[in-house]
Amino acid sequence: MAQDSSRADFWETRYQQGVIPWDAGQMPSQFVAFAAARPPGERVLAPGCGSGYEVRGLAEHGAKVLAVDFSAAAVARARVVLGEHADCVREGDFFQLDDAPFDWLYERALLCALPPKTWDDWAAQTARLVRPGGVLAGYFFIADTPKGPPFGISEARLVELLGGHFTLESREPASDSLPVFAGREHWMVWRRR
């Protein structure tokens with residue numbers, strides 16, 4: 001298997017072989033509560049969308065959601081999950097997106113999927129894509145795991161990455177993490193300055 005998780009072929013191989021331990025088969029509860037409280041019609045970005053369960057929930061809630069994944073196999077899988085909302089997902093590279101601004105960006109296992117050498121670029125692109133006053137909301141893998149994926153991040157490093165453009169509004173332990181993230185995943189909401 002390909003070993004560089006910043007490359008599409010790394011993920012393509014895993015999806016084709018069904019090696020997807022990050023796929024919960026459902027929407028996590030904190031996401032559901034947060035999304036339900038948001039007004040319909042918001043523009044939402046779901047990068048690294050995988051199978052797209054959350055994308056479907058967003059679309060059904062009335063969000064104008066764009067989901068991207070650079071694995072063709074993941075996109076094909078998401079289109080099946082999305083059914084009538086299949087047009088919400090497209091194959092693409094998060095770092096090449098030029099669809100700003102979004103009202104919020106949903107983070108679920110994209111940052112921890114990327115090697116640390118790409119994190120500064122991830123933070124810059126995230127800040128560029130979220131409108132001022134918008135939010136970055138999702139799950140962050142706070143752990144000391146230099147090998148990955150998943151690559152854990154320290155809270156200090158996360159604040160360093162996001163603090164120049166975002167303010168942390170809330171944080172709580174994830175209530176229903178997958179085994180790979182259990183006890184080290186946190187739901188966070190960051191407000192774009």
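Worth saying up front: this structure is predicted, and the values here are computed from it rather than measured.
No side-chain heavy atom of L168 sits less than 4.5 Å from a side-chain heavy atom of L158. L129 is listed as a side-chain neighbour of Q125, based on a closest heavy-atom distance under 4.5 Å. Side-chain contact check for R108 versus E54: some heavy-atom pair is nearer than 4.5 Å. Using a 4.5 Å cut-off on side-chain heavy atoms (C-beta onward), L97 and L45 make contact. Looking only at side-chain heavy atoms (C-beta outward), P115 and D4 come within less than 4.5 Å of each other. The side-chain heavy atoms of F70 and D9, taken from C-beta on, include no pair separated by under 4.5 Å.
When all heavy atoms of P116 and F151 are compared, the pair lying nearest together is CD-CD2, 3.6 Å. Closest approach of S5 and A113 over heavy atoms only: OG-O, 2.7 Å. The shortest non-hydrogen separation linking D103 to V130 is O-CG1, 4.5 Å. Considering all non-hydrogen atoms of both residues, L110 and G48 come closest at CD1-CA, 4.4 Å. The heavy-atom pair separating A143 from R184 by the smallest distance is CB-CD, 3.8 Å. Of all heavy-atom pairs spanning F166 and A127, the tightest one is CE1-CA, 3.8 Å.
Connection of F140 to V180 is not established within any shared hydrophobic cluster, with ILVMFWY side chains joined at heavy-atom distances below 4.5 Å, either directly or through further cluster members. Grouping the Ile, Leu, Val, Met, Phe, Trp and Tyr side chains by contacts below 4.5 angstrom, directly or via other members, places L114 with L136.
Here side-chain hydrogen bond (donor to acceptor under 3.5 Å, both in side chains) pairs that include residues 156-165, with residues two or more places apart or in two chains, are D120-R157, R157-E160.
With rounding to the nearest 0.5 Å, the separation of CG in D176 from CG in L178 is 8.0 Å. Annotation: the span from R56 atom CZ to H85 atom NE2 amounts to 6.0 Å, rounded to 0.5 Å. Going from atom CH2 of W190 over to atom CG of L161 covers 9.0 Å, rounded to the nearest 0.5 Å. With rounding to the nearest 0.5 angstrom, the CG atom of L66 is 8.0 Å from the SG atom of C88.
Looking only at distances, no side-chain donor or acceptor of T13 sits under 3.5 Å from a matching main-chain atom of F10. Not a single donor-acceptor pair under 3.5 Å links the side chain of S51 to the backbone N or O of R77. Although no hydrogens or angles enter the test, the distance criterion places a donor-acceptor pair under 3.5 Å between the side chain of H61 and the main chain of A35. Within the 3.5 Å criterion, the main-chain N or O of S175 finds a donor-acceptor partner in the side chain of Q30.
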Side chain to side chain contact (heavy atoms under 4.5 Å, CB included) for R192 and R131? Distances and angles first, verdict last. CA-CA 7 Å; R192 179 75 166 88; R131 70 168 174 78; over 6 Å; no
Checking side-chain hydrogen bond (donor to acceptor under 3.5 Å, both in side chains) for the pair T167/R191: CA distance, chi angles, key distance, verdict? CA-CA 5 Å; T167 301; R191 178 76 57 186; over 6 Å; no
Kindly indicate, with the supporting measurements, whether the criterion side-chain hydrogen bond (donor to acceptor under 3.5 Å, both in side chains) is fulfilled by T118 and S6. CA-CA 8 Å; T118 65; S6 68; over 6 Å; no
Should S71 and D69 be marked as a side-chain hydrogen bond (donor to acceptor under 3.5 Å, both in side chains) after you check the CA-CA gap, both sets of side-chain angles, and the distance that decides it? CA-CA 5 Å; S71 163; D69 204 296; 4.6 Å; no
Could you walk me through whether L111 and F141 pass side chain to side chain contact (heavy atoms under 4.5 Å, CB included), step by step? CA-CA 8 Å; L111 178 61; F141 183 50; over 6 Å; no
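Grouping Ile, Leu, Val, Met, Phe, Trp and Tyr residues whose side-chain heavy atoms lie under 4.5 Å apart, directly or via other members, places W104 in a hydrophobic cluster with M27, F31, V32, F34, V44, Y53, V55, L58, V65, V75, V81, L82, V89, Y106, V135, Y139, W187, V189.
Looking at residues two or more places apart in sequence or on another chain, you find a salt bridge (Lys or Arg N to Asp or Glu O under 4.0 Å) between D99 and R90.
Contact check on E91 versus R79 returns no salt bridge, with no Lys/Arg side-chain nitrogen under 4.0 Å from an Asp/Glu carboxylate oxygen.
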